[in-house]
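Structure record follows, encoded as structure tokens.
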Amino acid sequence: MRAGHVVLLSIFAFIGLAGLRSWRDQAPAPLRVGAEPARIEVRRPREDLIITREAGGPWVIVRQDDLADAEAVELLLRGLQSLSLGPPVAPADAGLACGLGPADCARVRVLDEAGRPLFDGLFGRRLFGRTSYFRASDQDAVLLATGVDPEILLRSSSQWREPRLLPAGCAGGLEIFARDGWRTVPDDPARELCSLRASHWATGTPEGLAGFNVPLLRARTPDGRGFTVGERRGRERLVRVDGRTSLLRIPAAAIESTAADLIGSVP
């Protein structure tokens, strides 16, 4: 009986070691097309970016409490889906020289709603174009990875914030509030207003002192998204976007002439 137990234990141990070895030998895989990410982490020395979304909603930067740049998120996910990994070019102990050490690399993780990893890998020094050094962990050999723009991995959390006032556009049209009522904006000025982007974000500005009680302009789309343009601060104007906590700043010249034509008053 004891001999039989020993044989069974030996078999299970062999199977377990073989499975572990097989898992370790598997090449890292790109993000699967059709996967449904719910959390993205880009962890770099002294800069951690965490972006989440719920039930297919908008991506939100956790620490910034603001919308994430939807275009940048899509660019990163497409890069991970198209990731091409070459054969090993250096052993594991060459990681530091390839920018894959703890003081240099960017670890990218993509998780689903249940917290299961969809992608996990370390990106190191850029070589050319969209190619950089890569490995799945600090115990693995160094590969060449092509597909992800290394520049996007160097963005700070604030640079990941959504700069557009209307991220989903306004294909259904745009309205402004003027003379005690909402009216439709003609196509050309609507395109200008829908393409407005923040130059940066306002901090330490009490909302009551930002001119939103007597705004320059209020605009909205038929589905209820909108923004309000407040007072001028130098060459910029403050903007409050519906559903966002932070106030945005936009170039004043980009809005004032259009607003004057639409509402028939000089800013």
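The residues of the chain are indexed from 1 along the displayed sequence. What you see below is based on every heavy atom in this structure, not just the backbone, and it leaves out hydrogens, waters and symmetry mates.
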Shared hydrophobic cluster, Leu122 / Val42 (ILVMFWY, side-chain heavy atoms < 4.5 Å):
no
Out of curiosity, Thr258 OG1 to Asp188 CG, how far, rounded to the nearest 0.5 Å?
10.0 Å
Quick one: CD on Glu192 to CG on Asp187, what's the gap to the nearest 0.5 Å?
12.0 Å
Look at the side-chain heavy atoms of Ile, Leu, Val, Met, Phe, Trp and Tyr, link any pair under 4.5 Å apart, and say whether Val60 and Ile40 land in one connected group.
no
Would you say that Leu153 contacts Val108 through its side chain, given a criterion of any heavy-atom pair below 4.5 Å between the two side chains?
yes
One pair to check against side chain to side chain contact (heavy atoms under 4.5 Å, CB included): Arg161 and Asp69. What are the steps and the verdict?
CA-CA 5 Å; Arg161 296 169 76 168; Asp69 185 341; over 6 Å; no
What's the shortest heavy-atom distance between Ser132 and Gly124, and which atoms?
CB-O, 4.0 Å
Decide, yes or no, whether a salt bridge links Arg126 with Glu151 under the criterion of side-chain N to carboxylate O below 4.0 Å.
yes
Should the pair Phe119 and Phe134 be assigned to parallel (<30°), tilted (30 to 60°) or perpendicular (>60°) ring geometry?
tilted
Pair Glu162 + Arg244: basic N to acidic O under 4.0 Å:
no
Look only at the side chain of Arg135 and the backbone of Ala92, and say whether a donor-acceptor pair between them is shorter than 3.5 Å.
yes
Distance-only donor-acceptor check, side chains Glu47 and Ser156, under 3.5 Å
no
If you measure from CG on Leu248 to OG on Ser199, what distance do you get to the nearest 0.5 Å?
8.5 Å
Show your working on side chain to side chain contact (heavy atoms under 4.5 Å, CB included) between Leu144 and Leu127 and close with a plain yes or no.
CA-CA 9 Å; Leu144 294 185; Leu127 294 176; 3.2 Å; yes
Would you indicate whether the side-chain heavy atoms of Trp160 and Val73 approach each other to under 4.5 Å?
yes
For Arg232 and Glu256, what are the C-alpha separation, side-chain angles and deciding distance, and is it a salt bridge (Lys or Arg N to Asp or Glu O under 4.0 Å)?
CA-CA 10 Å; Arg232 191 187 240 269; Glu256 289 176 349; 2.9 Å; yes
Measure the shortest side-chain to side-chain distance between Val89 and Leu143 over non-hydrogen atoms and say whether it is less than 4.5 angstrom.
no
Salt bridge check: are Asp104 and Arg44 linked by an N-O gap of less than 4.0 Å?
no
Would you mind telling me which of Asp112, Leu111, Leu77, Leu76 makes a side-chain contact (heavy atoms from CB on, under 4.5 Å) with Pro37?
Leu77
Can you confirm whether Leu216 sits close enough to Arg237 that some side-chain heavy atom of one is under 4.5 Å from a side-chain heavy atom of the other?
yes
Leu31 with Leu49, same ILVMFWY side-chain cluster at under 4.5 Å
yes
Please determine whether residues Val110 and Ile152 belong to a single hydrophobic cluster, defined as Ile, Leu, Val, Met, Phe, Trp and Tyr linked transitively by side-chain heavy-atom distances below 4.5 Å.
yes
Does NZ or CZ of Arg218 fall inside the cone over Phe177's six-membered ring, less than 6.0 Å from its centre and within 45° of the axis?
yes
Please give me the minimum heavy-atom distance between Ser246 and Trp201, naming the atom from each residue.
CB-CD1, 4.1 Å
Within a strict 4.5 Å, meaning less than it, do heavy atoms of the Ile255 and Ile250 side chains meet?
yes
What's the spacing between Leu67 CG and Ile61 CD1 if we round to 0.5 Å?
8.5 Å
Could you give me the CA-CA distance, side-chain angles and deciding distance for Leu217 and Leu193, then say whether side chain to side chain contact (heavy atoms under 4.5 Å, CB included) is met?
CA-CA 11 Å; Leu217 185 72; Leu193 294 175; 4.0 Å; yes
CZ of Arg107 to CG of Leu100: how many Å apart, nearest 0.5 Å?
13.0 Å
Hey, are the side chains of Ile50 and Arg39 touching, using non-hydrogen atoms and a 4.5 Å cut-off?
yes
Evaluate side chain to side chain contact (heavy atoms under 4.5 Å, CB included) for Leu166 paired with Phe227, printing each intermediate quantity in order.
CA-CA 8 Å; Leu166 295 171; Phe227 59 86; 3.9 Å; yes
Measure the CG-CG distance between Leu96 and Asp138 for me, rounded to the nearest 0.5 Å.
10.0 Å
Any donor-acceptor N or O pair under 3.5 Å, side chains Arg164, Ser195
no
Do Leu118 and Leu75 belong together in a cluster built from hydrophobic side chains that touch within less than 4.5 Å?
yes
Note: Ile51 and Ala68 closest approach over all heavy atoms is CG2-CB, 3.9 Å
Minimum heavy-atom separation for Ala145 and Leu85, please, with both atom names.
CB-CD2, 3.5 Å
Which heavy atom of Gly224 sits nearest a heavy atom of Asp242, and at what distance?
O-OD2, 4.0 Å
Short question: side chain of Arg125, backbone of Ala97 - any donor-acceptor pair under 3.5 Å?
yes
Backbone N/O of Glu236 and side chain of Arg249: donor-acceptor pair under 3.5 Å:
no
Heavy-atom pair with the smallest gap, counting every atom of Leu247 and Phe212
CD2-CE1, 3.9 Å
Between the side chain of Arg225 and the main-chain N/O of Gly169, is any donor-acceptor distance below 3.5 Å?
yes
